[in-house]
Amino acid sequence: MTVPGFGDAGDFRDVGGLREELPFFVYGTLRPGEANHDLFLHGRTEAEEPALLADAVLYEGPGFPYALLEPGAGTVAGEVVTAAPGEYGELLAVLDRLEEYVAPGHSRNLYERLARNVLLPDGTAVRAWVYVAAPGVARELRATGTPIPGGDWTGRLRG
């Protein structure tokens, strides 16, 4: 499926001339039990595993969080989501729209989609797409935002 405004060369990681589909690291409303999980991921995933994004901090947003990459800042808790066979292209387009990601560095981006290593509970590093706050959003959050203690969106009400 081709979606206008999506499908740029950054959609796949180039590995030795081959295009590799990366899983997604979700840390907010797309996590199991959260508002957008069933709306956007149900029936489109093959696997969902707990994972951590290192060198990041999580901030409160208006009903959803933002991760910011900051060396030494801590970790953000989430899940690595692997698309079901045949679902990758559609899932990528759906998540890009949800996260208001247009293209790398685009001025309308709410989030940037970056390939980063995340850690599974056994310590294995997995390369995954991570949506992090776009530069303008990140500047504002650093200046006036509220960090989520412990970097866990689902634990924010408990902690």
Inter-residue atom distance [X].[atom1] - [Y].[atom2], 0.5 Å rounding:
{"X": "Asp38", "Y": "Leu30", "atom1": "CG", "atom2": "CG", "answer": "11.0 Å"}
{"X": "Glu87", "Y": "Leu92", "atom1": "CD", "atom2": "CG", "answer": "12.5 Å"}
{"X": "Asp55", "Y": "Leu68", "atom1": "CG", "atom2": "CG", "answer": "12.5 Å"}
{"X": "Glu48", "Y": "Thr82", "atom1": "CD", "atom2": "OG1", "answer": "9.0 Å"}
{"X": "Glu79", "Y": "Thr154", "atom1": "CD", "atom2": "OG1", "answer": "7.5 Å"}
{"X": "Tyr101", "Y": "Arg108", "atom1": "OH", "atom2": "CZ", "answer": "12.5 Å"}

So, for [X] and [Y], which heavy atoms are closest and what is the spacing to 0.1 Å?
{"X": "Thr29", "Y": "Pro65", "result": "N-CD, 4.4 Å"}
{"X": "Asn109", "Y": "Gly105", "result": "ND2-N, 3.8 Å"}
{"X": "Ala133", "Y": "Ala138", "result": "CB-N, 4.0 Å"}
{"X": "Val130", "Y": "Tyr27", "result": "CG1-CE2, 4.4 Å"}
{"X": "Gly145", "Y": "Pro147", "result": "O-CD, 3.6 Å"}
{"X": "Leu120", "Y": "Ala51", "result": "CD2-CB, 4.2 Å"}

Contacts of type salt bridge (charged side-chain N to carboxylate O under 4.0 Å, His left out), residue Arg116, not counting sequence neighbours
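Partners of Arg116 by the salt bridge (charged side-chain N to carboxylate O under 4.0 Å, His left out) criterion come out as none, since no residue qualifies.
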
Mind jotting down which residue pairs meet the ring-ring contact (aromatic ring centres under 6.0 Å, His included) criterion with at least one end in residues 61-85? Sequence neighbours excluded, please.
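Qualifying pairs, neighbours excluded: Phe64-Tyr66, Tyr66-Tyr111.
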
Please collect all ring-ring contact (aromatic ring centres under 6.0 Å, His included) contacts where either partner lies in residues 36-60, sequence neighbours excluded, each pair once.
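Qualifying pairs, neighbours excluded: none.
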
Do the non-hydrogen side-chain atoms of [X] and [Y] ever get within less than 4.5 Å of each other?
{"X": "Trp153", "Y": "Glu60", "answer": "yes"}
{"X": "Leu41", "Y": "Val94", "answer": "no"}
{"X": "Leu110", "Y": "Glu99", "answer": "no"}
{"X": "Val76", "Y": "Val118", "answer": "no"}
{"X": "Val126", "Y": "Glu49", "answer": "no"}

Output all residues satisfying side chain to side chain donor-acceptor pair (under 3.5 Å) with Thr124, sequence neighbours left out; order by chain, then residue number.
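Only Asp122 meet the side chain to side chain donor-acceptor pair (under 3.5 Å) criterion with Thr124.
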
Going by the rule side chain to side chain contact (heavy atoms under 4.5 Å, CB included), which residues pair with Ala73 if we only count those two or more places apart in sequence or in a different chain?
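With neighbours one apart ignored, the set is Val57, Glu70.
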
Could you pull out all residues at least two apart from Pro135 that satisfy side chain to side chain contact (heavy atoms under 4.5 Å, CB included)?
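Result, side chain to side chain contact (heavy atoms under 4.5 Å, CB included) vs Pro135: Glu112, Arg139.
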
Leu53: which of Val80, Leu69, Thr75 passes side-chain contact (heavy atoms from CB on, under 4.5 Å):
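Going through the options one by one, the only one that passes is Leu69.
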
Begin from the C-alpha positions of Leu95 and Trp129 and carry the test side-chain contact (heavy atoms from CB on, under 4.5 Å) through to its verdict.
CA-CA 11 Å; Leu95 295 181; Trp129 290 124; over 6 Å; no

Going hydrophobic residue to hydrophobic residue with side-chain gaps under 4.5 angstrom, can you get from Val26 over to Val132?
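Yes, it is one cluster - the side chains of Val26 and Val132 are joined through contacts under 4.5 Å.
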
